[in-house]
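Take a look at the structure set out below.
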Amino acid sequence: MAMTINSSPVLTGESARAFFEEAERNAKLPTPRLSPEREAQLRDYERKCREFIFPPKK
């Protein structure tokens with residue numbers, strides 16, 4: 001579920017400090033990457049989903 005600015009909770013005090021520290025730790029972690037095989041699988045899945053929901057116009 002996506003959060004918007006209006007629906008996000010307001011953090012104050014200890015909660016805000018803990019959130020900020022965790023965000024700083026996470027920012028230093030390497031960004032996960034998909035393998036080329038998994039990328040191809042996801043592209044194929046996405047293509048099939050688009051064709052199923054919105055068939056190509058003739």
Side-chain angles (χ1 to χ4, degrees):
M1 181 173 112
M3 286 180 55
T4 64
I5 291 174
N6 292 335
S7 68
S8 62
V10 175
L11 298 175
T12 57
E14 186 65 26
S15 298
R17 187 187 62 73
F19 178 84
F20 179 76
E21 288 176 356
E22 184 177 356
E24 288 294 314
R25 281 192 304 274
N26 288 341
K28 294 175 184 172
L29 296 174
T31 303
R33 300 284 181 210
L34 291 174
S35 68
E37 295 83 17
R38 186 66 177 142
E39 277 189 46
Q41 289 174 340
L42 291 173
R43 271 196 301 276
D44 187 49
Y45 175 77
E46 182 183 24
R47 180 187 54 78
K48 287 179 181 178
C49 288
R50 268 192 260 116
E51 289 174 358
F52 176 75
I53 297 172
F54 304 107
K57 294 182 180 181
K58 297 178 182 179

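Values in this document were obtained by computation on a predicted structure and should not be read as measured data. Positions are given from 1, in the same order as the sequence printed here. Values reported hereafter were calculated over all heavy atoms of this structure, with side chains retained and with hydrogens, waters and symmetry mates removed.
The neighbour count for Arg47 CZ, taken as heavy atoms of other residues, nucleotides or ligands under 6.0 Å away, is above 12.
How far CZ of Arg25 is from CG of Leu29: 9.5 Å, rounded to the nearest 0.5 Å. Expressed to the nearest 0.5 Å, how far CZ of Phe19 lies from CD of Glu24 amounts to 10.5 Å.
Checked for salt-bridge contact, Glu21 and Arg17 meet the test: a charged N lies under 4.0 Å from a carboxylate O. For Glu46 and Arg43, the salt-bridge test fails: no basic side-chain N is under 4.0 Å from an acidic carboxylate O.
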Apply the test side-chain contact (heavy atoms from CB on, under 4.5 Å) to residues Lys48 and Asp44: give CA-CA distance (whole Å), side-chain angles for both, the deciding distance (0.1 Å), then the verdict.
CA-CA 6 Å; Lys48 287 179 181 178; Asp44 187 49; 3.3 Å; yes

